[in-house]
Amino acid sequence: MTTTHGAPRVLLRRLREIMALSESGESRLARIVVDIAAIMVAEVCSIYLRRRDESMELVATEGLKPEAVHETHLARGEGLVGLVVERAEAVNLPEAQDHPSFSYRPETGEEIYHSFLGVPILRQGRAVGVLTVQNRTPRHYSEEEVEALQITAMVLAELVATGELGLARAPGSRAQRDLNGVTLSEGIAIGHVVLHVPRVAVKTLIADDPEHEAKRLAKAIDRLRETIDDMLARGDVARAGEHRDVLEAYRMFAHDRGWIRRMNEAIVTGLTAEAAVAKVQNDTRARIVRQTAPFLKERFNDLNDLSNRLLRMLTGRTTAADEDLPEDTILVAHTMGPAELLDYDRERLRGLILEEGASSSHVAIVARALDLPAIGQADSILNFLETGDEVVVDADAGEIHIRPTPDLVSTYQDKLGFKAQRQAQYAKLKDEPSVSKDGVEIELLMNAGLLVDLPHLSESGASGIGLFRTEFQFMIASTFPRLDEQQKMYSQVLDEVDGKPVVFRSLDVGGDKVLPYLRSTHEENPALGWRAIRMALDRPALLRTQLRALMRAANGREVRIMLPMVSDVAEVLAARELIDKETRHMEQHGYPLPEKLLLGVMIEVPALLWQLDQLFHVVDFASVGSNDLLQFLYAADRTNVNVSQRFDPLSAPVLNMLGDIVSKARAYNVPLTLCGEMAGQPLEALALIGLGFRSISMAPASLGPVKAMIRTLDANAASHKLQEVVAGESAQIRRHLGEFATLNGVEI
Ligand code: PEP
Ligand code: MG
């Protein structure tokens, strides 16, 4: 009663023949179970598929009573079929009825069968069905038989998924599922899933010539190893967000003998090279899904990624960026580099979901620049969705709803509609003056950092760029941008803004802004470390190159340069010396000098507050970097969510400090702005205006709400209110200002 070693191959050949018949899915399934039973020398062969209510429905059988088909539904976890689903692995029992999970269903007539072998039909590591064989006599099925049934199940899984059997896609896996992650870029999006790295649908599963397939696999593995070696050698591993140790781990796996052996064994059973890769990937996933140890999951992620690469090599597919995207693409990836995101057509992107990705990651910076709602750290999400699934990305709340119910979709559509309405109202304001009710003009500028930000300038109605974070170009590059590359970018910016002012901030790297290609030593407190102007003055060539690029890009136009993280006036003087040197160099070499060069500083280190008299003598303008200034004032790390929210920017210490800066700047007649996040919050902006700020710079999306606030505000009344609340009880300032706004009809 044992089968021959060739069983899997015979089975696969039969499956192929059956699939070639032009018959209904039902009748093909009926043939499949008959043939499997015959080849496996079993009296029974049955197929169960998962239904929406998570039950397992008998959809085809040879040996059990035909009336039971579509009638027998096993509840979740019920019977041996339930056990196979739960374990997501084969259950092999000589005496099935002795097993505590055995559940007797009289309609099937299975009481006469003793031995049972059931294997899961797996999709993305989840059992969407079960394939079983049974025999009258008690027997233990051999490893080859288990293997044969598993391979058949794999083929069935593909057929179920592609709808080739005429059945609906395994419906149980299609239920709504909700996941949480962290917000990388705010906003809400509804759309359809596109996998950044497409899962390669293995279309040809069965091969006639195992030797040929083994050669294809060996060749692909060689190429895979070569590409990993290349990536390691190139040194621009940062581009894809892949760090060296990850690649080292990849290299190790690419030489893993166990992995390669298992794939070759699958080929011997009659699978194509790609089907063999997918089979081993599926088996591993099923095993790992049930593990909880994080390092095992990590290991699986690496192996999974490697399998996908191998599959792409065997089938010649690359990333989804080259393909036709739906108009409402929600891009989903394990991880992604910033440049890769920029490869996509923004017009078609609605949202982004990453399994990894912190809010300070580079891809998050780009997502924010693109105004693309994005969620990171969506653990294992790739296991739960497929291309084409509908998804709601609520990046405001950090929630993801996969295959949402129609009710949920319509709730979110309402939200989006409301947002769009507000946006439309703000858009109407874009050409209206930014003037308060009592005639005080407030300059509204925007923050930027990439070329993709520039269209926001006209869209938002900002009167210039108050902060251009030049480090973004450096952060998304794979190698240090050369002089000509920097110059090209800056001149493009100046060309596009069409005469509006732009404040270029010199390189602010270090701290949480890491350049992967720039070797840095480990620092205990990077925010207080060797960063920004400190690094620039210690490595003058760095700043010199950037100054040269900026001054050449100006090409006779005005240029404004701002120094970050200044803690001592001497640093401004040192930078000024470098500028003078550069000016002389340009003169000597006949370059046109900028019409005007304005040098400013960011006020973001508290020590500078007691040097304002000297500082305002030597700078042309200043901007308060409230993000850093407040983190240092309150000794609360801005990147640490446990402490960054502990203080309120609308508190007496902050407002007093900002008020002092405003008075000093006025006394010295130095133009002052504020470009931290608080400028973009209407109530905070109200407070800033009350303190005397007449210029603020913010993310483009904040311009509308802030301008709406300004146009309904009496700036003089706000100033009185500020004086009053600052003198009062510190903890109540936000409440009092809120009440002031409501009482006076200020839109906040
Ligand atoms: C700030 O510190 O407030 C600022 C605007 O600069 P960044 O956020 O880039 O540090
Ligand atoms: Mg800063």
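This one's a predicted model, so the numbers in the text were calculated from it and none came from an experiment. Note that ligands are numbered from 1 as they come in the structure, with each ligand's atoms numbered from 1 the same way.
Each of Leu457, Val503, Leu445 was compared with Ile465 under the side-chain contact (heavy atoms from CB on, under 4.5 Å) criterion, and only Leu457 meets it.
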Within the protein, flag every N or O under 3.5 Å from an N or O of ligand 1, and note the pair and distance.
from     : atom 1 : to     : atom 2 : distance (Å)
ligand 1 : 2 (O)  : Glu604 : OE1    : 2.9
ligand 1 : 2 (O)  : Asp628 : N      : 3.1
ligand 1 : 2 (O)  : Asp628 : OD2    : 3.0
ligand 1 : 3 (O)  : Gly625 : O      : 3.4
ligand 1 : 3 (O)  : Ser626 : N      : 3.1
ligand 1 : 3 (O)  : Asn627 : N      : 2.7
ligand 1 : 3 (O)  : Asn627 : ND2    : 3.3
ligand 1 : 6 (O)  : Arg505 : NH1    : 2.9
ligand 1 : 8 (O)  : Arg469 : NH2    : 2.9
ligand 1 : 8 (O)  : Asn627 : ND2    : 3.0
ligand 1 : 8 (O)  : Arg638 : NH2    : 2.8
ligand 1 : 9 (O)  : Arg469 : NE     : 2.8
ligand 1 : 9 (O)  : Arg469 : NH2    : 3.3
ligand 1 : 9 (O)  : Arg505 : NH1    : 3.2
ligand 1 : 9 (O)  : Arg505 : NH2    : 2.8
ligand 1 : 9 (O)  : Lys513 : NZ     : 2.9
ligand 1 : 10 (O) : Lys513 : NZ     : 3.4
ligand 1 : 10 (O) : Asp628 : OD2    : 3.1
ligand 1 : 10 (O) : Arg638 : NH1    : 2.9

Side-chain donor-acceptor pairs under 3.5 Å in residues 669-678, sequence neighbours left out?
from   : atom 1 : to     : atom 2 : distance (Å)
Thr673 : OG1    : Ser695 : O      : 3.0
Thr673 : OG1    : Ser695 : OG     : 3.0

Name each donor-acceptor pair under 3.5 Å that joins a side chain in residues 653-663 to protein atoms two or more places apart or in another chain, with its distance.
from   : atom 1 : to     : atom 2 : distance (Å)
Asn656 : ND2    : Ala652 : O      : 3.1
Ser663 : OG     : Gly659 : O      : 2.9

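A side-chain donor-acceptor contact under 3.5 Å links Gln486 to the backbone of Pro481. Without hydrogens or angle criteria, Gln546 side chain to Leu507 main chain gives a donor-acceptor distance under 3.5 Å. At distances below 3.5 Å, not a single donor-acceptor pair connects side-chain atoms of Asp648 with backbone N or O atoms of Ser651.
Between the CE atom in Met698 and the OG atom in Ser460 there is a gap of 9.0 Å [rounded to 0.5 Å].
Side-chain atoms of Glu604 and Val624, non-hydrogen and from C-beta on, never get closer than 4.5 Å to each other.
With a 6.0 Å radius and a threshold of 12 heavy atoms from other residues, nucleotides or ligands, Gln732 has its CD atom above the threshold.
Of all protein N/O/S atoms, those under 2.8 Å from the Mg ion (ligand 2) are Glu604 OE1, Asp628 OD2, and waters are not counted.
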